[in-house]
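These notes concern the structure reproduced below.
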Amino acid sequence: QVQLVESGGGLVQPGGSLRLSCAASGFILDYYAIGWFRQAPGKEREGVSCISGSDGSTYYADSVRGRFTISRDNAKNTVYLQMNSLKPEDTAVYYCATGYRMYGSSCKISGNLREYDYWGQGTQVTVSS
């Protein structure tokens, strides 16, 4: 059974850091494209970052570029999202996602996202003083 489990969220002050983890089970995550998304109350889901399954290329939303870093640890079957210089507007539930068609593929975080079949349950990030 394919499962993604996010962890690492919490309450942090503006300017602080968090590292989110997306642990996979039921499949080997190595060459799958993985995306991170977030949704704040009353707002639409927003793509944050993704990492390609083909060549490891990474992509970021303009709002987080230079502050967030996506990476993967194949030995731990886990993808991470390192979030630095956090702002109150980063407050949201963060989700990781992938899909069975995303093996060895590039990734995207906007437009048609129907390739993302599997989603985690989300982890809450709150940035507040």
Side-chain angles (χ1 to χ4, degrees):
Q1 181 180 358
V2 173
Q3 193 172 14
L4 298 172
V5 178
E6 302 95 336
S7 62
L11 173 64
V12 64
Q13 293 186 342
S17 297
L18 285 173
R19 188 178 76 161
L20 305 184
S21 299
C22 172
S25 61
F27 73 106
I28 305 299
L29 183 150
D30 293 19
Y31 295 103
Y32 280 87
I34 305 292
W36 280 99
F37 300 84
R38 67 186 182 187
Q39 188 164 21
K43 294 187 177 181
E44 293 187 354
R45 184 180 60 196
E46 174 189 18
V48 176
S49 179
C50 67
I51 184 165
S52 165
S54 57
D55 60 3
S57 297
T58 57
Y59 303 89
Y60 299 93
D62 290 343
S63 58
V64 307
R65 186 175 293 111
R67 299 188 298 122
F68 291 11
T69 303
I70 190 171
S71 63
R72 64 168 88 223
D73 184 337
N74 292 337
K76 295 184 177 180
N77 217 31
T78 299
V79 169
Y80 300 101
L81 185 68
Q82 178 67 44
M83 307 187 298
N84 299 328
S85 302
L86 283 162
K87 304 175 181 180
E89 51 263 43
D90 294 318
T91 296
V93 178
Y94 285 70
Y95 302 89
C96 62
T98 190
Y100 68 92
R101 290 164 288 185
M102 299 186 77
Y103 181 85
S105 76
S106 60
C107 66
K108 59 180 179 179
I109 53 175
S110 62
N112 191 328
L113 302 176
R114 61 184 178 184
E115 291 88 353
Y116 289 99
D117 303 299
Y118 306 113
W119 295 77
Q121 83 291 346
T123 185
Q124 175 71 47
V125 172
T126 303
V127 185
S128 175
S129 56

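Only this structure's heavy atoms are used, side chains among them; waters, hydrogens and symmetry mates stay out.
One N or O on the side chain of Gln121 and one on the backbone of Glu6 form a donor-acceptor pair closer than 3.5 Å. Between the side chain of Thr69 and the main chain of Gln82, no donor-acceptor pair closer than 3.5 Å is present. Checking side-chain atoms of Arg101 against main-chain N and O of Asp117 turns up no donor-acceptor pair under 3.5 Å. With hydrogens and angles ignored, the 3.5 Å screen pairs no side-chain donor or acceptor of Lys87 with any backbone N or O of Thr91.
Applying the ring pair (Phe, Tyr, Trp, His ring centres under 6.0 Å) test to every pair with at least one member in residues 69-110, sequence neighbours left out, gives these pairs: Tyr32-Tyr103.
Residues that satisfy the side-chain hydrogen bond (donor to acceptor under 3.5 Å, both in side chains) test with Thr58, not counting sequence neighbours, are absent from this structure. Applying the salt bridge (Lys or Arg N to Asp or Glu O under 4.0 Å) rule to Arg45 yields no partners; only residues at least two apart in sequence or on another chain are considered. Among residues two or more places apart in sequence or in another chain, the salt bridge (Lys or Arg N to Asp or Glu O under 4.0 Å) test is passed with Asp62 by Arg65. Among residues two or more places apart in sequence or in another chain, the salt bridge (Lys or Arg N to Asp or Glu O under 4.0 Å) test is passed with Arg67 by Asp90. In this structure, Glu115 has no salt bridge (Lys or Arg N to Asp or Glu O under 4.0 Å) partners at least two apart in sequence or on a different chain.
Taking both residues in full, the closest heavy atoms of Ser54 and Gly104 are given as CB-O, 3.3 Å, listed atom of the first, atom of the second, then distance. Between Ser52 and Ser105, the closest heavy-atom pair is OG-O, 3.2 Å.
Residues Val2 and Val5 are members of separate hydrophobic clusters, defined by side-chain heavy-atom contacts under 4.5 angstrom among Ile, Leu, Val, Met, Phe, Trp and Tyr. Under the 4.5 Å side-chain contact rule for hydrophobic residues, Ile70 and Tyr59 do not share a cluster.
One distance of note links CH2 of Trp36 with OG of Ser49; it measures 10.0 Å at 0.5 Å rounding.
Around OH of Tyr31, the count of heavy atoms belonging to other residues, nucleotides or ligands within 6.0 Å does not exceed 12.
When ring centroids are compared, Phe37 and Trp119 come within the 6.0 Å threshold.
Side chains of Asp73 and Thr78: no donor on one and acceptor on the other come within 3.5 Å.
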